[in-house]
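Computed from a predicted structure; not experimentally measured.
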Amino acid sequence: MDPALAQAPQSAGAQNARPRLGDILVSRGRLDPQQLERVLRLQSTGGRRDPIGVLLVTMGAVSARDVAMALAEQSGLDFVESSAFPEIPILEEQISARFLRDARALPIAEDAETLTLAVADPYDQTVEHAFRLVSDRRIVRMVAIGSDVDAAIERLYGGGRADVTELADGAIEARLDGEALTADVQQLKDLASEAPVIRLVSLLIGNALEARASDIHIEPFENRLVVRYRIDGVLHEIESPPKRMAAAVISRVKILANLDIAERRLPQDGRIRLRVQGKDIDLRVSTVPTMHGESVVMRILDKGAVALNFARLGFEPNVLNAFQRAIAEPNGIVLVTGPTGSGKTTTLYTALDQLNKPEVKILTVEDPVEYQMAGVNQIQVKPQIDLTFANALRSIVRQDPDVIMIGEIRDLETAEIAVQAALTGHLVLSTLHTNDAPSTVSRLLDMGVEDYLLTSTLVGVLAQRLVRTLCDRCREPYQPEAAFVEEVGLARLLEHGARPTLYRAVGCRECSHTGFNGRMCIAEMMPLSEALRRLIMRKASASELRQQALAEGMESMYDNGLRKVLAGVTTIEEVLRATREG
């Protein structure tokens with residue numbers, strides 16, 4: 001609450017024409033006359049300068065909503081609910097988040113002639129005047145609850161926007177000179193070491209951690225610098241520094257990652273280690289040259305945030321039991337498949353954590369080593385010195401390991417060494433990029449792996465995707481239509497005629513108004529049975545392998561996702577997005 005909740009000072013004539021806020025609340029039945037008299041007496045004799053609306057809410061006599069609706073009636077404006085606020089910001093390029101916060105005003109709709117504002121204070125004429133100048137349109141104001149306006153500004157215009165703007169407005173801006181700056185390496189080094197740039201980069205990383213982001217994207221374009229966070233697998237654009245700061249910001253990141261700031265023509269990879277908010281954070285940095293400068297992506301590797309627990313990752317008992325039987329085998333190959341960013345590496349680390357015992361020697365070959373595990377010998381691939389997956393594997397087989405983890409099978413040479421390791425008594429865990437479990441077999445055969453070797457060594461294939469999980473605080477139940485239940489395949493998981501209760505995303509402060517909080521996997525596990533091995537030897541297609549696996553009891557990834565929908569964990573839209581079927 002703030003002074004906007006009370007009427008502005010008025011002339012005597014205006015006061016006679018306009019009913020008092022307290023009288024409106026009494027007439028609406030929201031306030032007792034005795035309570036009003038007590039508050040007025042407190043205001044006049046207690047030296048309290050707070051407006052009447054603030055005092056009433058502070059004392060608990062009325063709600064902020066009651067006061068906002070009374071203000072709307074008093075000022076002759078309409079009241080607007082927060083549900084009418086937009087999903088994307090309006091006039092984002094013309095106004096700053098700092099101004100919106102100070103004015104407590106939010107653009108909520110626009111057309112060619114009109115701009116509609118939600119305001120906490122209907123009597124602040126400077127707000128209407130400022131927006132009229134910016135938009136050159138007629139301004140229509142509507143009264144909203146002040147806290148709703150504040151929350152919407154944070155949601156739409158990004159956390160930390162004011163801080164970024166303040167840093168960008170600092171004295172260092174006077175020294176930034178776009179193209180001329182990029183030509184002088186020493187000047188870049190000096191500039192990247194200036195306090196405002198250091199604070200700005202630290203702010204971008206700190207805000208990303210608070211927002212639970214997995215990646216930070218810094219992308220220079222012709223007229224602006226874009227900063228985006230990937231949160232729960234979805235990119236969100238935030239308030240970005242001005243384009244003229246691009247060279248300084250990118251140089252600062254490259255210095256932190258020990259990269260060559262003079263090299264702007266070739267891609268580079270590096271790593272940043274920081275201690276933020278009492279936690280050790282690793283950031284994997286990648287830079288690539290683009291038309292308008294270097295694009296930087298920082299992958300945030302927070303081991304403390306990774307749940308090395310199959311149940312917490314979202315594995316259903318039927319899938320988990322089959323996968324644990326596979327990794328309990330003394331030898332053979334177990335593969336985890338899926339697209340980039342589907343959680344394959346986390347699943348492998350969880351499997352290694354389960355296998356990591358004093359009597360078991362584990363060696364890994366990774367590119368890069370994402371998380372360091374105590375008791376596990378991890379090797380970082382370095383192609384520049386010819387330490388490739390294949391060369392590293394040839395050496396580690398002579399290290400007498402029990403379990404070998406290969407970051408990814410990328411080519412025939414790596415696949416053949418993995419097969420040889422499995423044939424000589426090792427359990428090999430690895431990843432592969434395929435759409436589902438059965439098509440993994442086809443992919444390996446296409447690489448050139450012999451079918452008889454594949455059937456002798458492959459133990460099982462786990463295919464997975466990640467779906468966003470609903471926020472427990474704001475998810476909303478609903479009853480889907482019977483036709484929809486039939487169409488998406490939910491009916492086959494229900495008793496005949498049953499009407500399930502599903503949940504949809506809404507959005508609240510707890511989940512940054514996205515409706516989702518975190519992710520978990522949906523998966524299908526295909527153990528290699530004798531029937532499947534015979535089909536592989538017959539060169540059967542992936543669809544034939546799928547039919548046989550389903551007949552043997554494999555639950556498809558889509559059906560696994562539907563079970564999570566019925567449990568209220570996620571939405572049907574998320575499962576459809578992840579699996580592209582149904």
Measure the CZ-CG distance between Arg475 and Asn517 for me, rounded to the nearest 0.5 Å.
-> 12.5 Å
Verdict with supporting geometry, Glu237 and Arg224, salt bridge (charged side-chain N to carboxylate O under 4.0 Å, His left out) | CA-CA 13 Å; Glu237 186 173 338; Arg224 65 190 190 116; 2.8 Å; yes
Separation between CD1 (Ile250) and CD (Glu219), nearest 0.5 Å, reads 10.0 Å
Would you name the heavy atoms of Gly568 and Tyr503 that are closest together and state the gap between them?
-> CA-CD1, 3.6 Å
One should read off an interatomic distance between Leu71 CG and Ile145 CD1, to the nearest 0.5 angstrom, of 11.0 Å
Residue Arg212 excluded, over 12 heavy atoms near CZ under 6.0 Å = yes
List the steps and the verdict of side chain to side chain contact (heavy atoms under 4.5 Å, CB included) for Asp121 and Val119.
-> CA-CA 6 Å; Asp121 181 2; Val119 297; 5.9 Å; no
Roughly how far, to the nearest 0.5 Å, is the NZ atom of Lys344 from the CG atom of Leu466?
-> 9.5 Å
Between the CD1 atom in Ile90 and the CD atom in Glu110, the distance rounded to the nearest 0.5 Å is 5.0 Å
Stepwise salt bridge (charged side-chain N to carboxylate O under 4.0 Å, His left out) check, Arg101 with Asp150 | CA-CA 7 Å; Arg101 287 190 186 95; Asp150 296 340; over 6 Å; no
Could you check Glu574 against Arg465 for salt bridge (charged side-chain N to carboxylate O under 4.0 Å, His left out), going step by step and ending with a plain yes or no?
-> CA-CA 11 Å; Glu574 272 294 295; Arg465 298 283 193 284; over 6 Å; no
Whether over 12 other heavy atoms sit under 6.0 Å from Arg132 CZ | yes
According to the ring-ring contact (aromatic ring centres under 6.0 Å, His included) rule, which pairs have a member within residues 282-301, sequence neighbours left out?
-> none
In terms of heavy-atom contacts, does CG of Asp111 have more than 12 from other residues, nucleotides or ligands at under 6.0 Å?
-> yes
What do the steps show when you test Glu113 against Arg138 for salt bridge (charged side-chain N to carboxylate O under 4.0 Å, His left out), and what is the final call?
-> CA-CA 6 Å; Glu113 299 176 355; Arg138 184 172 66 87; over 6 Å; no
Pairwise distance CD1(Ile300) to CG(Asp282) - rounded to 0.5 angstrom = 11.0 Å
Neighbour count >12 (heavy atoms, 6.0 Å) for atom CG, Asn435 | no
Would you call the rings of Phe310 and Phe323 parallel, tilted or perpendicular if under 30° counts as parallel and over 60° as perpendicular?
-> perpendicular
For Asp367, which residues count as a side-chain contact (heavy atoms from CB on, under 4.5 Å) partner, sequence neighbours excluded?
-> Gln380, Val381, Phe389, Arg410
State, without any angle test, whether Asp411 and Thr414 hold a side-chain donor-acceptor pair at a distance under 3.5 Å.
-> yes
